[in-house]
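Keep in mind it's a predicted model, so treat the numbers as computed, not measured. Residue numbers start from 1 in every chain, and the chains themselves are labelled A, B, ... in the order their sequence lines are given, proteins ahead of strands. Side-chain atoms are counted along with the backbone in the values below, which use heavy atoms only and exclude waters and symmetry mates.
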Amino acid sequence: MDDGVFARIYALLATVPPGRVVSYGELARGIGMRQGARVVGWAMRSCPEGLPWHRVVNARGEISRRATEEHEELQRAMLEDEGVTFGAHGRIDMHTFGWRFDTTDSGNNS
DNA sequence: GGGCTGACTGACG
DNA sequence: ACGTCAGCCAGCC
């Protein structure tokens with residue numbers, strides 16, 4: 001089902017479990033677009049319901065500039081509710097919460 | 001059919 | 001560590 005790259009991004013994003021975050025580049029790489037991070041952001045811009053868009057952050061582990069502070073805090077609150085902890089500067093430890101599609105593993109949890 | 005925009009990323013100063 | 005420049009891909013005018 002390739003309704004387009006968007007559908008692929010949505011499907012991949014849907015595989016991200018709670019308490020975990022992924023960057024645009026990581027998603028892009030997951031669908032085969034190493035430099036298509038912008039396209040991923042474009043797909044999110046559609047903001048489809050049922051999609052954990054709040055689990056999508058930039059490579060730095062910060063919330064993207066997509067919206068107002070209000071929405072930014074909302075995303076942060078949702079992530080915290082899932083168990084994600086933010087740094088002093090509102091930064092997520094991608095080393096711990098950063099989800100990977102190729103984990104293959106089994107011990108992926110914190 | 002052509003050009004601009006954009007929820008990004010990585011490199012350079 | 002922070003600010004700026006350029007690149008890449010798909011959708012929209």
From [X] atom [atom1] to [Y] atom [atom2], the distance as rounded to the nearest 0.5 Å:
| X | Y | atom1 | atom2 | answer |
| --- | --- | --- | --- | --- |
| A/Arg29 | A/Ser23 | CZ | OG | 8.0 Å |
| A/Arg20 | A/Thr96 | CZ | OG1 | 8.5 Å |
| A/Leu13 | A/Met44 | CG | CE | 5.0 Å |

Quick one: list whatever passes side chain to side chain contact (heavy atoms under 4.5 Å, CB included) with [X], sequence neighbours left out.
| X | value |
| --- | --- |
| A/Glu80 | A/Arg76, A/Phe86 |
| A/Arg60 | A/Asn58, A/Glu62 |
| A/Thr15 | A/Leu12, A/Phe101 |

Is A/Ile92 linked to A/Met78 within one hydrophobic cluster, defined over Ile, Leu, Val, Met, Phe, Trp and Tyr using a side-chain heavy-atom separation of less than 4.5 Å?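 No, separate clusters.
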Review item, side-chain donor-acceptor pairs of residues 31-39 of chain A, under 3.5 Å, at least two apart:
none

When the distance from OH of A/Tyr10 to P of B/dA7 is rounded to whole Å, what number comes out?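 Atom-to-atom, A/Tyr10 to B/dA7, this comes out as 14 Å.
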For the pair made of CG in A/Leu74 and P in B/dA7, what is the distance, rounded to whole Å?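 One finds 18 Å between P of B/dA7 and CG of A/Leu74, rounded.
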Which residues in residues 27-39 of chain A have a heavy atom closer than 4.0 Å to any atom of DNA chain B?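 A/Ala37, A/Arg38 - these, ordered by number, are the residues of the stretch whose heavy atoms sit under 4.0 Å from the strand.
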Those residues of residues 80-94 of chain A lying under 4.0 Å from DNA chain B by at least one heavy atom: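 The answer is none.
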Between which nucleotides of DNA chain C, read 5' to 3', does contact with chain A run, using atoms under 4.0 Å from its heavy atoms?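 Footprint of chain A along DNA chain C, 5' to 3': C/dG7 to C/dG11.
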Contact between A/Tyr10 and A/Ser46 at the side-chain level, heavy atoms closer than 4.5 Å - yes or no?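 Yes - at least one pair of side-chain heavy atoms lies under 4.5 Å apart.
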How close do A/Val40 and A/Ile9 get, heavy atom to heavy atom, and via which atoms?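 Heavy atoms only, the tightest pair is CA-CD1, 3.7 Å.
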Taking all heavy atoms of A/Gly83 and all of A/Phe97, pick out the closest pair and write down the distance.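 Of all heavy-atom pairs spanning A/Gly83 and A/Phe97, the closest is O-CE2, 3.6 Å.
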Would you mind telling me which residue lines up with the more 5' stretch of DNA chain B, A/Trp42 or A/Gly25, judged by nearest nucleotide?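 It is A/Trp42, whose closest nucleotide lies nearer the 5' terminus.
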Would you find a donor on one side and an acceptor on the other, under 3.5 Å apart, between the side chain of A/Gln75 and the backbone of A/Val56?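 Flag set: sc A/Gln75 to bb A/Val56 pair under 3.5 Å.
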Can you give me the dot-bracket string for DNA chain C, 5' to 3', counting Watson-Crick and G-U wobble pairs with both distances under 3.5 Å, using [ ] for crossing pairs and | for partners on another strand? .||||||.|||||
Under the salt bridge (Lys or Arg N to Asp or Glu O under 4.0 Å) definition, can you give me all pairs with a residue in residues 81-92 of chain A, not counting sequence neighbours?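 For residues 81-92 of chain A: A/Arg55-A/Glu82.
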